[in-house]
**Q** 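Got a structure for you, written out below as structure tokens; questions coming shortly.
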Amino acid sequence: MTQNDAPLSLADLRAEIDRIDEAMHRLLMERSEIIDRLVQVKRNAGAEVGSAFRPAREADMMRRLVERHHGLLPLDTVESIWRVIIATFTFVQAPYAVHADLSVGEPAMRDSARFHFGFTVPFVPHMGARGVIDAVAGSKGDLGLLAAAPSPSAGDPWWTALEGKGAPKIIARLPFVERADHPAGLPVFVVSHPIDDAAVREVRVYSLRVTGWSAAAGRAIPAFAEVVVAPDEALDGAALLVCLPPGHAVEEVTAALVEAGAGIRAAAEVGSHAAIHKVGEDGAAGRP
Ligand SMILES: C=C(O[C@@H]1C=C(C(=O)O)C=C[C@H]1O)C(=O)O
């Protein structure tokens with residue numbers, strides 16, 4: 001043990017580091033033994049593991065990690081270490097691949113995939129969101145990464161491919177912990193087969209098909225909703241991806257659109273995710 005009053009030699013300090021490294025490694029091996037037992041328990045409970053990814057549990061673990069963290073070690077490092085631990089342990093429970101749409105910019109998307117899922121989980125590049133959704137739909141338990149476009153307009157309304165009961169759904173938004181200088185800060189949605197029992201329903205995501213789309217309809221959308229619009233000029237309509245924070249209902253958005261002269265052709269929930277956990281410049285964590 002270190003003692004503040006007795007100066008330690010370099011060799012002593014290195015011995016301390018070796019002791020800590022060994023303890024950390026033993027704890028990781030102990031963690032994997034627990035995961036072995038967890039797989040057994042899940043199997044006995046009859047859980048059919050498509051994807052073992054449990055976004056509610058992971059979001060909660062990441063929140064607690066950020067709240068606990070202090071000291072010299074950068075938060076980026078701690079977050080990335082735990083992301084690799086969790087994603088890899090999920091992989092050893094039930095192998096999966098991560099399909100990513102690189103059409104939004106390869107470096108940022110690749111950084112997000114590697115930061116959140118590490119290098120053991122296979123990474124499969126695609127050019128376009130539709131290919132990612134098809135790959136997830138045709139897999140046992142793979143995940144897809146799609147840009148949660150910060151830009152208010154998009155060409156291809158890929159989210160319409162998530163409509164329908166059995167179609168893949170949005171189950172998470174990354175990064176779990178948002179901050180201004182995040183090293184893998186591209187906002188992305190994670191899609192997988194529907195995971196009804198394990199989904200986090202804090203932010204709900206809808207696909208709306210609107211007729212009579214206009215600039216006035218766009219301005220009428222309430223400010224609490226985060227919206228991506230893909231106008232369909234031929235039909236004078238638009239496909240909207242609408243994210244609703246906790247406490248708001250999709251009817252508030254559809255009513256505002258109707259009030260502005262638009263018509264609602266269809267509204268379908270296409271997923272949900274945990275509320276975004278924001279960390280301020282002073283390091284203080286807080287939910288919006
Ligand atoms: C361990 C579980 O499965 C996965 C792996 C986790 C981990 O390694 O900590 C956490 C959540 C899940 O994505 C679980 O369901 O608790």
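In each ligand, atom 1 is the first atom listed, and ligand 1 is the first ligand listed.
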**Q** Check this for me, if you would: do Glu30 and Arg26 make a salt bridge, where the nitrogen-to-carboxylate-oxygen distance has to be below 4.0 angstrom?
**A**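 No.
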
**Q** At a 4.0 Å threshold, what atoms of ligand 1 neighbour a non-hydrogen atom of Ala52?
**A**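 Selected atoms, number and element: 3 (O), 4 (C), 12 (C), 13 (O).
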
**Q** Distance under 4.0 Å to a non-hydrogen atom of Ile86: what atoms of ligand 1 satisfy this?
**A**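 Under 4.0 Å from Ile86, ligand 1 has these atoms: 6 (C), 7 (C), 8 (O), 9 (O), 10 (C).
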
**Q** Is the backbone N or O of Ala108 less than 3.5 Å from a side-chain atom of Ser112, with the two atoms forming a donor-acceptor pair by type?
**A**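 Between the backbone of Ala108 and the side chain of Ser112 there is no qualifying donor-acceptor contact (under 3.5 Å).
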
**Q** Which atoms of ligand 1 have any heavy atom of Phe53 under 4.0 Å away?
**A**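 Answer, ordered by atom number: 13 (O).
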
**Q** Which of the atoms in ligand 1, numbered in the order shown and given with their element, are less than 4.0 Å from a heavy-atom of Arg57?
**A**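 Here the atoms of ligand 1 in question are 11 (C), 16 (O).
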
**Q** Atom 5 (C) of ligand 1: which protein heavy atom is closest, and how many Å away?
**A**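 Answer for atom 5 (C) of ligand 1: Thr90 OG1, 3.2 Å.
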
**Q** Is the closest side-chain heavy-atom distance between Arg179 and Leu75 below 4.5 Å?
**A**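 Heavy-atom side-chain distance check passes, below 4.5 Å.
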
**Q** For Met61, take its heavy atoms, then give the atoms of ligand 1 lying under 4.0 Å from any of them.
**A**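 Here the atoms of ligand 1 in question are 9 (O), 10 (C).
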
**Q** Mind checking whether Leu174 and Phe115 have side chains closer than 4.5 Å, heavy atoms only?
**A**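 Leu174 vs Phe115: side chains apart.
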
**Q** Which of the listed options, Lys42, Gln93, Arg54, holds the heavy atom that is closest to atom 4 (C) of ligand 1?
**A**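 Ranked by closest heavy atom to atom 4 (C) of ligand 1, first place is Gln93.
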
**Q** So, the side chain of Arg204 versus the backbone of His248: is there a donor-acceptor pair under 3.5 Å, distance only?
**A**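 Yes, the answer is positive, given that a donor and an acceptor are paired below the 3.5 Å cut-off.
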
**Q** Please could you name the atoms of ligand 1 that Ile35 approaches to less than 4.0 Å, counting only its heavy atoms?
**A**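 The list of qualifying atoms is 1 (C), 8 (O).
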
**Q** Which of the atoms in ligand 1, numbered in the order shown and given with their element, are less than 4.0 Å from a heavy-atom of Glu58?
**A**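 Once the distances to Glu58 are compared, the set is 11 (C), 12 (C), 13 (O).
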
